Amino acid sequence: MTKAASKETPLIVESLWDRLARFPWWLVAIILVLIGSAYFVATNESYQASLLFIVQGISITVQTTLYAYALALVIGLIMGLGRVSRNVIFSNIARFYVEVVRGIPMLVLIFYIAFVAVVDFAGFFGVAGRDVPMNVRAIIALAVTYGAFLAEIFRAGIQSIDRGQMEAARSLGMSYTKAMRYVILPQAIRNVLPALGNDFVAMLKDSSLVSVLAVRDITQVARLHAGSTFRFREAYTVLAVLYLSMTLVLSALVQWLERRLHAGRK
Amino acid sequence: MPVASKPIIEIKSLHKTFGKDVHALRGVDLLVERGKVVVIVGPSGSGKSTLLRCINHLEVETHGEVWVDGKRLNEKNKDIDEIRAEIGMVFQLFNLFPHLTVLENIMLAQRVVRGRGKAEAEEVAKKQLERVGISEKAHSFPAQLSGGQQQRVAIARALAMNPKIMLFDEPTSALDPEMIKEVLDVMLDLAKDGMTMIVVTHEMGFARVAADQVIFMDQGLVVEQGTPQQIFNNPTQDRTKLFLSQILQH
Ligand SMILES: Nc1ncnc2c1ncn2[C@@H]1O[C@H](COP(=O)(O)OP(=O)(O)OP(=O)(O)O)[C@@H](O)[C@H]1O
Ligand SMILES: [Mg+2]
């Protein structure tokens, strides 16, 4: 009798311990770090100087990321379509590209693209390699690298769509291209939006690698600042906190988007 | 005149293999006259779907010939899209486009294949929706419809292309019993209107009423064909008798 009763009444009162355990302490810690950094910057002159100097690189970081991501989306979509294509040449080119890029460290790839591939490519069109600005080379290098990741995301997205969708579209007389464009891709892209968002955040971080090309993004500017003032602690703390703030905001945005999409879906 | 009297579908010794081992069709011959309703029955795995899918080249034949409306289908067909536009297909699982509303589902191919303007495509879509009896769902998404409603939208989507032939692959098999009739009624109307139809189904009632010709398939071959009376009342082949006795037990 008592047993049955205790079974039916769920434990409504959560123990204090459970609630403490579920609390997002990590978030509090991050917020504390951010507040602490703000406090340092507000009260400490050398942190202030570092921030003012490093912030000059923000627009390059943001621009590089945005342009490179836009270009990577185009490359990724084309190569993703290649990965699922029945055209032997197209699909082999796409596979080759993806495998090569994924098999080389990003840093090495960036060097290679910026100093070898872009130069050769420019030369092919009769342009001297040194006339291609480093900013542009950095964008191309990042885009080519991320294009391979995005290609795999698009491939997975396309393959996640039921075969019956393509068959229904084709049975109505649509060509493969039309079926892709109007039926498959709209569904596939919607499915991979969260993954695309995550890679955007990842690219923002990896854009720091272009500092090796002497592109004056926040990482490069921070290095210059640290080297000339010997304020390594201040420069790199400010740099890290800047990246952290940007990625936190972006991740939150991506999550919000994901939740909205999820709510919109039946 | 001789063109009109020619069968709209002509299939000659059609073979289809999947890989090395699966021989789904082993030499099927079939003639379908314009305006006739052909019902294909047979046990699971007998090749009914494969035969249907060869008619609009969703499957490419391994051997043999498929002629549709005087045109031979083959792998190099540049005009396969045009041929398919004349052949409506209705699938067991509806295959509506989930990201589009009902109306958009019916308008899409009209616009991008037939090249109709928005107003015309919408008018045709609404007319077809009315025909299948769900005008009120025009702005719903497929996921908001019952199975029977979805299948009727799928039929409307195919009809909006003004096809010469309609193929149905077990259009009611995925439906709850109470929804089967609403779909069959639409199909009966279509048959009365003189549409050429090839229907794979287990609904023997539909076959009796609507079919001009019933085809019994087994193991990749047409075993027996004739009028519904012949096939259902006086089957000559043992395999047909066996199959019918199993079906009727259900
Ligand atoms: N894409 C495919 N790959 C390999 N084998 C296949 C494929 N499609 C069909 N088959 C095989 O071909 C044979 C005929 O299949 P089909 O789908 O035409 O039969 P069916 O008569 O439609 O059966 P059901 O009543 O179960 O739908 C089966 O053995 C099936 O497993
Ligand atoms: Mg089948």
Side-chain angles (χ1 to χ4, degrees), chain A residues 73 76-77 80-81 84-92 150 153-197 257-266, chain B residues 49 52-53 55-60 75 77-100 104-115 140-145 150 153-154 156-169 174:
Chain A
L73 277 178
L77 183 57
L81 285 168
V84 299
S85 170
R86 283 214 229 151
N87 182 313
V88 179
I89 298 171
F90 190 18
S91 72
N92 273 287
L150 299 192
I153 291 179
F154 282 118
R155 177 189 61 75
I158 292 168
Q159 287 177 340
S160 74
I161 304 302
D162 184 78
R163 252 185 60 184
Q165 291 289 307
M166 178 57 94
E167 291 183 347
R170 297 304 302 271
S171 80
L172 287 162
M174 287 184 223
S175 63
Y176 178 86
T177 313
K178 282 177 185 165
M180 262 296 162
R181 173 164 166 207
Y182 297 109
V183 176
I184 308 297
L185 281 181
Q187 299 180 58
I189 289 174
R190 190 179 159 146
N191 284 353
V192 299
L193 274 182
L196 292 179
L257 206 109
E258 203 172 329
R259 222 169 298 145
R260 253 193 50 158
L261 269 176
H262 212 74
R265 203 184 308 229
K266 278 271 152 182
Chain B
S49 297
L52 218 54
R53 293 159 58 86
I55 294 174
N56 66 358
H57 250 211
L58 283 181
E59 303 290 357
V60 176
E75 195 143 18
N77 266 137
K78 284 266 155 38
D79 52 358
I80 185 63
D81 295 331
E82 288 160 40
I83 296 173
R84 282 197 183 122
E86 307 295 333
I87 309 174
M89 184 153 193
V90 175
F91 300 85
Q92 184 174 356
L93 296 174
F94 332 132
N95 295 353
L96 293 180
F97 307 135
H99 61 301
L100 300 177
E104 290 164 345
N105 261 276
I106 307 176
M107 288 169 64
L108 178 61
Q110 291 189 64
R111 300 205 63 195
V112 303
V113 177
R114 289 278 192 240
S140 306
F141 282 90
Q144 297 165 320
L145 305 185
Q150 288 191 53
V153 172
R157 179 175 70 176
L159 290 178
M161 298 294 285
N162 304 111
K164 296 184 177 134
I165 303 163
M166 286 285 288
L167 309 176
F168 295 83
D169 192 358

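Since this is a predicted model, take the numbers as computed values, not measurements.
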Exercise for the section: Check whether the side chains of B:Asp169 and B:Ser49 place a donor and an acceptor atom closer than 3.5 Å, and report yes or no. Expected result: yes
Exercise for the section: Select one option (side chain, backbone, both, neither) describing which atoms of B:Leu96 are under 4.5 Å from chain A's heavy atoms. Expected result: backbone
Problem - Proximity breakdown for B:Ile87 and chain A, heavy-atom pairs closer than 4.5 Å - result: backbone
Completion exercise
Checked B:Gln110, B:Met89, B:His99 vs chain A; the most non-hydrogen pairs under 4.5 Å come from B:His99
Exercise for the section: Among A:Ile184, A:Ile189, A:Leu185, A:Val183, find the residue that satisfies the side-chain contact (heavy atoms from CB on, under 4.5 Å) test when tested with A:Gln187. Expected result: A:Val183
Practice task
Could you look at A:Ala179 and say if it's the side chain, the backbone, both or neither that has a heavy atom under 4.5 Å from chain B?
Solution key: neither
Exercise for the section: List for me each residue that meets side chain to side chain donor-acceptor pair (under 3.5 Å) alongside A:Arg86, sequence neighbours excluded, and say none if there are none. Expected result: none
Practice task
Examine B:Arg157 relative to B:Phe97 and say whether NZ or CZ is less than 6.0 Å from the centre of the six-membered ring and inside a 45° cone about the ring axis.
Solution key: yes
